[in-house]
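Note sheet for the following structure.
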Amino acid sequence: MDVSVVIPFLNESPNLTPLCEELKASLDSMNKSYEVLFIDDGSTDDGVEVLEAFREKMPQIKVISFRRNFGQTAAMVAGLDYSQGEVVVTLDADRQNDPADIPALVAKVGEGYDMVCGWRFDRQDTFISRKLPSMMANRLISKITDVSLHDYGCTLKAMCKEVAKRITLYGEMHRFIPAVASGVGVKIAEVKVNHRARTAGESKYGISRTFRVILDLITVKFLLRFHARPLHFFGMPGLFLGGVGGALLTYLTIARLFFDVPLGDRPLLVFAFMLIVIGLQFILFGLIGEMQTRTYYESQDKPIYHVRRTVGIEEDSDNGIAADSKRSPTTKQKKPQPAGTKV
Ligand code: UDP
Ligand code: MG
């Protein structure tokens with residue numbers, strides 16, 4: 001299989017037939033083998049029936065139907081898990097992304113990029129509720145993460161299979177795919193893509209999404225930098241606060257013992273103790289984090305590194321650690337898990 005197209009949808013029934021028509025035209029023109037994975041994220045309309053009907057014209061369509069709404073991120077992860085193509089393309093089902101852009105993205109991956117992100121340079125959305133928050137989020141995300149792109153919110157992306165199978169997402173982190181992928185180590189390119197106004201169905205998000213994005217950003221940043229060494233994160237303020245507390249206490253002790261200064265009415269004493277206790281707690285958090293990290297990696301035989309290529313080493317040998325770290329739909333099927341899980 002050359003290309004897998006992953007499309008999460010929630011109540012997009014009126015959009016699906018025209019979308020499939022556009023997909024067919026675009027994908028057939030590439031002369032590659034492909035599959036189109038639709039992930040029904042708990043739709044309550046007849047979307048799945050519409051797709052089943054279209055399968056007669058386009059047998060490459062596959063549908064994964066969730067038991068309930070798990071969110072766009074979970075749907076995306078399911079699509080990545082089930083995909084079999086060498087290149088995985090993701091896009092929205094609401095026809096705002098243009099399937100005609102797919103060949104260009106796939107070609108760019110063929111040039112050696114691990115991930116190619118769409119940039120909606122002429123975005124067709126309302127300004128106040130969409131473009132403005134998105135502009136600010138884009139600035140913030142590119143400042144805070146090490147990946148700088150123009151547009152993080154664009155679902156239209158293409159990535160190679162190795163990356164698709166390795167990135168892990170939770171919450172609403174699909175917009176951090178480039179940042180999360182950068183933790184694996186990826187070569188990222190950006191390609192201008194077409195964006196269209198929504199013509200049918202309703203948008204699924206309100207303005208509250210902005211705040212969730214900011215919270216997710218904190219998680220992503222923390223995990224990218226410290227998740228293999230939490231004690232470095234918690235230990236630093238711990239040592240600092242504990243150190244200041246210790247110094248204050250030493251000073252008070254010397255004042256009491258050698259200069260007969262009474263301590264009963266000195267708030268500094270309470271303050272010093274507080275700093276020591278808080279500092280200790282930070283260090284303990286860090287140590288608990290270190291134990292968690294070990295459980296996380298060792299219980300699942302996860303490597304703490306990702307290999308791009310090897311020379312003189314058999315890829316699928318029995319001790320292939322790298323192969324173990326990849327998710328496969330078979331293990332996924334054996335052990336189905338609820339939300340956008342797997343780490
Ligand atoms: N979507 C989904 N699950 C959800 C919310 C949205 O699968 O819980 C899908 C939706 O059907 C669409 C895509 O995610 O295909 C993007 O949603 P939407 O167009 O509402 O977001 P916007 O374009 O406004 O950012
Ligand atoms: Mg949309």
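FYI, the numbering just counts along the sequence from 1. Remember, it's 1-based here, ligands and their atoms both numbered in the order they're listed. Computed from heavy atoms alone, side chains included, the values below leave out hydrogens, waters and symmetry copies.
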Quiz prompt | Electrostatic pair Asp216:Arg212 at N-O distance under 4.0 angstrom | solution = no
Quiz item: Is it true that a side-chain atom of Gln124 and a backbone atom of Asp122 form a donor plus acceptor pair closer than 3.5 Å?
Solution: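 Indeed, once roles are kept as given, a pair shorter than 3.5 Å links the two residues.
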Exercise. Report yes or no: does Thr155 contribute a side-chain atom to a donor-acceptor pair with the main-chain N or O of Leu91 at less than 3.5 Å?
Key: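 Between the backbone of Leu91 and the side chain of Thr155 there is no qualifying donor-acceptor contact (under 3.5 Å).
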Exercise. Please state whether the separation between the Mg ion (ligand 2) and some N/O/S atom of Thr155 is under 2.8 Å?
Key: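 No, since none of the N, O or S atoms of Thr155 sits under 2.8 Å from the Mg ion (ligand 2).
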Quiz item: So, Asp125 and the Mg ion (ligand 2): N/O/S under 2.8 Å, yes or no?
Solution: no
Quiz item: Can you check whether Phe176 and Tyr152 have ring centres sitting under 6.0 Å from each other?
Solution: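 No, ring centres 6.0 Å or more apart.
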Would you mind writing out a table of all protein N or O atoms found under 3.5 Å from any N or O atom of ligand 1, naming both atoms and giving the distance to 0.1 Å?
| unit_1 | atom_1 | unit_2 | atom_2 | d |
| --- | --- | --- | --- | --- |
| ligand 1 | 3 (N) | Asp41 | OD2 | 2.6 |
| ligand 1 | 8 (O) | Asp41 | OD2 | 3.2 |
| ligand 1 | 8 (O) | Asn69 | ND2 | 3.2 |
| ligand 1 | 11 (O) | Leu10 | N | 2.9 |
| ligand 1 | 11 (O) | Glu12 | OE2 | 2.7 |
| ligand 1 | 14 (O) | Gln72 | OE1 | 3.3 |
| ligand 1 | 14 (O) | Gln72 | NE2 | 3.4 |
| ligand 1 | 15 (O) | Pro8 | O | 3.1 |
| ligand 1 | 15 (O) | Ala93 | N | 2.9 |
| ligand 1 | 19 (O) | Asp94 | OD2 | 2.5 |
| ligand 1 | 19 (O) | Arg198 | NH2 | 2.9 |
| ligand 1 | 20 (O) | Arg198 | NH2 | 3.4 |
| ligand 1 | 20 (O) | Ser203 | OG | 3.4 |
| ligand 1 | 20 (O) | Lys204 | N | 2.6 |
| ligand 1 | 23 (O) | Gln96 | OE1 | 3.1 |
| ligand 1 | 24 (O) | Arg130 | NH1 | 2.5 |
| ligand 1 | 24 (O) | Ser203 | OG | 2.9 |
| ligand 1 | 25 (O) | Arg209 | NH1 | 3.2 |
| ligand 1 | 25 (O) | Arg209 | NH2 | 3.1 |

Quiz item: Within 45 degrees of the axis of the six-membered ring of Phe70 and under 6.0 Å from its centre: does Arg68 put its NZ or CZ there?
Solution: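 The answer is yes, since Arg68 meets both limits relative to Phe70.
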Quiz item: Looking at Tyr297, does the NZ or CZ of Lys302 lie under 6.0 angstrom from its six-membered ring centre and within 45 degrees of the ring axis?
Solution: no
Self-check item: Partner of Asp114 under salt bridge (charged side-chain N to carboxylate O under 4.0 Å, His left out), chosen from Lys161, Arg166, Lys165, Arg308
Solution: Arg308
Quiz item: Of all the N, O or S atoms in Asp94, which one sits nearest to the Mg ion (ligand 2)?
Solution: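 Of all N, O or S atoms belonging to Asp94, OD2 is the one nearest the Mg ion (ligand 2).
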